[in-house]
Engineer: 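Okay, handing you the structure first.
Note that the coordinates shown come from a computational prediction; the quantities given were computed from them, not determined experimentally.
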Amino acid sequence: MEKDKQLKKLVILGSGPIGLEFASMYTQFGSHVTIIDKSPKILGKFEPEIVQQAKNDLEEDGISFLLESNLIAVSDTLNGVALTVNTPSGVKKLQADGLLVATGRKANVADLHSERTSIKTGSHGEILVNDTLETNVKNIYALGDVAGSSQFTYISLDDWRIMVNHLYGDKTRSRLNRPVFASTVFLNPAISSVGQTEAQLKEAGIPYKVLQMLTSSVPKSQVIGNPRGSYKELIDPHTHQILGTTIYAEESFETINIISIAMQNHLSAESLRDQIYTHPTMTEALNDLFAQIE
């Protein structure tokens, strides 16, 4: 983040959301990016067909993927780094201006020296808290990433709301009644999702109906000049309650919040289908997406 010169060649270790976001960003800067990951696929928790669309687009942008691969050696050179990668097709040697390690995050608690206290921590170093974020020591609280919450800024903010409500409010808020919330991977365009995926619904034996449409049919996507992507909606076939949504499209990070509100308030899909949206916006895609309801 502090580089003042472009990295012409960047290797990223890790194909999770952070690795992919940096890959997409640096590619748009004009860098050639190679992603290395031991997994056979990227973004395994998202809808597979939409992930494949995104991967194809990332490759079209110039990103190279070395999946099912392991980085086995790294050494500094005069101009950057030399890497040795074990791939399914054999050992490859790579030269790059830099290596970005994006293999996950853990709680930043070392400087707190919790071992000098009676505060309990978990297997990943996180501070253990109850549903109102209080530790096992009375009147000591932890929130956000260090408390093992989902690693999103907005979840840390909601943790703060829970704590303030418990300390100064009516004590009704807890982790158990956190509102429905979405997540976004900021690619080009972004992928946003909320609720369950088709695979999760199948595994749980929950009946569902699939609604899909291409982003290119949304007028605003053509105005923006980026018609990539698609929308996938999962609804209850009888009540038409929304069970899950994945949007791979421009401004998906805004549209998905409307879906979240609808799910939180148990609105039927018809509520979004019949709403009048400003034009041209990406949100008006919801008119056509939910028009498929029979």
Engineer: Does any part of the side chain of Asn287, heavy atoms only, come nearer than 4.5 Å to the side chain of Tyr277, both counted from C-beta?
Structural biologist: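 A side-chain contact exists here, since the closest heavy-atom pair is under 4.5 Å.
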Engineer: In terms of hydrophobic clustering (I, L, V, M, F, W, Y; side-chain heavy atoms under 4.5 Å; direct or indirect links), are Ile162 and Leu128 co-clustered?
Structural biologist: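 Ile162 and Leu128: separate clusters.
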Engineer: Working to the nearest 0.5 angstrom, can you tell me the gap between Ile36 CD1 and Leu94 CG?
Structural biologist: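 CG of Leu94 is found 5.5 Å from CD1 of Ile36.
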Engineer: Does the side chain of Thr281 come under 3.5 Å of the side chain of Lys220 through a donor N or O and an acceptor N or O?
Structural biologist: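 No, because no side-chain N or O of Thr281 sits under 3.5 Å from a partner of the opposite role on Lys220.
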Engineer: So does Ile242 get a backbone contact from the side chain of Tyr208, meaning a donor-acceptor N/O pair under 3.5 Å?
Structural biologist: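 Not a single qualifying donor-acceptor pair exists.
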Engineer: Carefully, step by step, assess Ile235 and Leu211 under the rule side-chain contact (heavy atoms from CB on, under 4.5 Å).
Structural biologist: CA-CA 8 Å; Ile235 64 171; Leu211 309 176; 4.1 Å; yes
Engineer: For residues Lys138 and Glu134, determine if any side-chain heavy atom of one lies less than 4.5 Å from a side-chain heavy atom of the other.
Structural biologist: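 Side chain of Lys138 against side chain of Glu134, heavy atoms only: contact under 4.5 Å found.
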Engineer: Find out if a path of hydrophobic residues (ILVMFWY) with successive side-chain heavy-atom gaps under 4.5 Å connects Ile258 to Met263.
Structural biologist: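 In one cluster with Ile258: Met263, yes.
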Engineer: Report yes if some heavy atom in the side chain of Gln200 is under 4.5 Å from a heavy atom in the side chain of Glu198; otherwise report no.
Structural biologist: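 A side-chain contact under 4.5 Å is absent here.
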Engineer: For residues Phe186 and Leu20, determine if any side-chain heavy atom of one lies less than 4.5 Å from a side-chain heavy atom of the other.
Structural biologist: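 Contact flag for Phe186/Leu20 side chains = no.
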Engineer: At what distance, to the nearest 0.5 angstrom, does OG1 of Thr103 lie from NZ of Lys38?
Structural biologist: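 That separation rounds to 9.0 Å.
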Engineer: Step by step, would you call Ile293 with His240 a side-chain contact (heavy atoms from CB on, under 4.5 Å)?
Structural biologist: CA-CA 8 Å; Ile293 298 172; His240 296 170; 3.0 Å; yes
Engineer: Taking the side chain from Ser252 and the backbone from Ala190, do they hold a donor-acceptor pair closer than 3.5 Å?
Structural biologist: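 Checking the backbone N and O of Ala190 against the side chain of Ser252, a donor-acceptor pair under 3.5 Å is found.
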Engineer: Taking atom CG of Leu83 and atom CD of Gln95, what is their separation to the nearest 0.5 Å?
Structural biologist: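 Taking CG in Leu83 and CD in Gln95, the distance rounds to 8.0 Å.
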Engineer: Is a donor from one side chain sitting under 3.5 angstrom from an acceptor on the other, for Ser15 and Asp37?
Structural biologist: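 Yes, Asp37 and Ser15 have a side-chain donor paired with an acceptor closer than 3.5 Å.
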Engineer: Are Asn226 and Asn188 linked by a side-chain donor-acceptor pair shorter than 3.5 Å?
Structural biologist: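 The answer is yes; a qualifying pair exists.
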Engineer: So, does Gln6 use its side chain to make a donor-acceptor pair with the main chain of Phe29 at under 3.5 Å?
Structural biologist: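 Judged by distance alone, yes, a pair lies under 3.5 Å.
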Engineer: Would you say the side chains of Asp170 and Thr172 form a donor-acceptor pair under 3.5 Å?
Structural biologist: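 Yes - a donor-acceptor pair under 3.5 Å links their side chains.
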Engineer: Taking the side chain as C-beta and beyond, is there a heavy-atom pair between Tyr141 and Thr135 under 4.5 Å?
Structural biologist: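 No, too far: nothing below the 4.5 Å cut-off.
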Engineer: Checking side-chain contact (heavy atoms from CB on, under 4.5 Å) for the pair Phe253/Ile247: CA distance, chi angles, key distance, verdict?
Structural biologist: CA-CA 9 Å; Phe253 41 82; Ile247 303 175; over 6 Å; no
Engineer: Mind checking whether Gln53 and Ser230 have side chains closer than 4.5 Å, heavy atoms only?
Structural biologist: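 Gln53 vs Ser230: side chains touch.
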Engineer: Look only at the side chain of Gln28 and the backbone of Ser24, and say whether a donor-acceptor pair between them is shorter than 3.5 Å.
Structural biologist: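 Side chain of Gln28 to backbone of Ser24, a donor-acceptor pair under 3.5 Å: yes, one is there.
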Engineer: Quick one: pull up CG in Leu67 and NZ in Lys55 and give me the separation to the nearest 0.5 Å.
Structural biologist: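 Going from the CG atom of Leu67 to the NZ atom of Lys55 covers 5.5 Å.
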Engineer: Would you say Gln292's side chain and Gln212's backbone share a donor-acceptor pair under 3.5 angstrom?
Structural biologist: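 It does hold such a pair.
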Engineer: Taking side chain as C-beta onward, heavy atoms only, is Leu143 less than 4.5 Å from Trp160?
Structural biologist: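 Yes, their side chains come closer than 4.5 Å.
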Engineer: Are the charged groups of Glu49 and Lys232 less than 4.0 angstrom apart, N to O?
Structural biologist: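 Looking at Glu49 and Lys232, the cut-off is met.
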Engineer: Measure the spacing between OG1 of Thr34 and NZ of Lys9 and express it to the nearest 0.5 Å.
Structural biologist: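 Taking OG1 in Thr34 and NZ in Lys9, the distance rounds to 8.5 Å.
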Engineer: Regarding Arg173 and Asn177, do their side chains bring together a donor and an acceptor under 3.5 Å, going by distance alone?
Structural biologist: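 Short answer, yes.
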Engineer: Hydrogens and angles aside, do Ser193 and Thr246 bring a side-chain donor and acceptor to less than 3.5 Å of each other?
Structural biologist: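 Thr246 and Ser193 do not have a side-chain donor-acceptor pair below 3.5 Å.
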Engineer: Do Met25 and Ile191 land in one hydrophobic cluster if side-chain heavy atoms of ILVMFWY residues count as linked below 4.5 Å?
Structural biologist: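 Yes, Met25 and Ile191 fall within the same hydrophobic cluster.
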Engineer: Looking at Asp57, Val185, Val51, which hits side-chain contact (heavy atoms from CB on, under 4.5 Å) with Tyr248?
Structural biologist: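 When side-chain contact (heavy atoms from CB on, under 4.5 Å) is applied between Tyr248 and each of Asp57, Val185, Val51, only Asp57 qualifies.
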Engineer: For Thr239 and Asp236, indicate whether the former's side chain and the latter's backbone hold a donor-acceptor pair under 3.5 Å.
Structural biologist: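 Here the side-chain-to-backbone pair does not exist.
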Engineer: Quick one: do the Thr77 and Asn79 side chains pair a donor with an acceptor below 3.5 Å?
Structural biologist: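 Thr77 vs Asn79: no donor-acceptor pair found between side chains.
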Engineer: In terms of the angle between their ring planes, are Phe22 and Tyr26 parallel, tilted or perpendicular, with boundaries placed at 30° and 60°?
Structural biologist: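 Rings of Phe22 and Tyr26: parallel, under 30°.
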Engineer: Looking only at heavy atoms, which two atoms of Ser221 and Ser216 are closest? And how far apart?
Structural biologist: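 Closest heavy-atom pair between Ser221 and Ser216: OG-CA, 3.8 Å.
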Engineer: Please report the shortest heavy-atom distance between Pro207 and Pro237, naming the atom on each side.
Structural biologist: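 Distance-wise, the nearest heavy atoms are O-CD, 3.6 Å.
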Engineer: Run the salt-bridge test on Glu250 and Arg228 with the 4.0 Å N-O cut-off and return the result as yes or no.
Structural biologist: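 No, no charged N to carboxylate O under 4.0 Å.
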Engineer: Same cluster or not: are Leu243 and Phe46 linked, directly or through other Ile, Leu, Val, Met, Phe, Trp or Tyr residues, by side-chain heavy atoms under 4.5 angstrom apart?
Structural biologist: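 In one cluster: no.
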Engineer: Taking only Lys NZ, Arg NE, NH1 and NH2, and the carboxylate oxygens of Asp or Glu, determine whether Asp159 and Arg178 approach each other closer than 4.0 Å.
Structural biologist: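 Looking at Arg178 together with Asp159, the answer is yes, because their closest N to O distance falls below 4.0 Å.
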Engineer: Find out whether Leu58 and Phe65 are in side-chain contact, i.e. whether some heavy atom of one side chain is under 4.5 Å from a heavy atom of the other.
Structural biologist: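 The answer is yes, as the side chains (C-beta and beyond) meet within the 4.5 Å cut-off.
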Engineer: So, does Glu254 use its side chain to make a donor-acceptor pair with the main chain of Glu251 at under 3.5 Å?
Structural biologist: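 Such a contact is absent between Glu254 side chain and Glu251 backbone.
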Engineer: Ignoring hydrogens and geometry, is there a side-chain-to-backbone donor-acceptor pair from Asp97 to Lys8 under 3.5 Å?
Structural biologist: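 Present.
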Engineer: Apply side-chain contact (heavy atoms from CB on, under 4.5 Å) to the pair Asn70 and Val85, showing each step before the final yes or no.
Structural biologist: CA-CA 6 Å; Asn70 290 289; Val85 187; over 6 Å; no
Engineer: For the backbone of Leu7 and the side chain of Ser31, can you confirm whether one donor and one acceptor N or O come within less than 3.5 Å of each other?
Structural biologist: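 Checked: pair present.
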Engineer: Rounded to the nearest 0.5 Å, how far does CG of Asp145 lie from CZ of Phe152?
Structural biologist: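 Spacing of CZ (Phe152) from CG (Asp145) equals 10.0 Å.
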Engineer: List the steps and the verdict of side-chain hydrogen bond (donor to acceptor under 3.5 Å, both in side chains) for Asp61 and Thr27.
Structural biologist: CA-CA 7 Å; Asp61 290 342; Thr27 296; over 6 Å; no
Engineer: Would you say Leu272 ends up clustered with Val180 if hydrophobic residues are merged whenever their side chains have heavy atoms under 4.5 Å apart, either directly or through other cluster members?
Structural biologist: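 In one cluster: yes.
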Engineer: Hey, is the main chain of His166 close enough, under 3.5 Å, to the side chain of Lys171 for a donor-acceptor pair?
Structural biologist: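 Yes, the answer is positive, given that a donor and an acceptor are paired below the 3.5 Å cut-off.
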Engineer: What residue among Arg273, Glu284, Met213 forms side-chain contact (heavy atoms from CB on, under 4.5 Å) with Leu289?
Structural biologist: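 Considering Arg273, Glu284, Met213, a side-chain contact (heavy atoms from CB on, under 4.5 Å) with Leu289 is found only for Met213.
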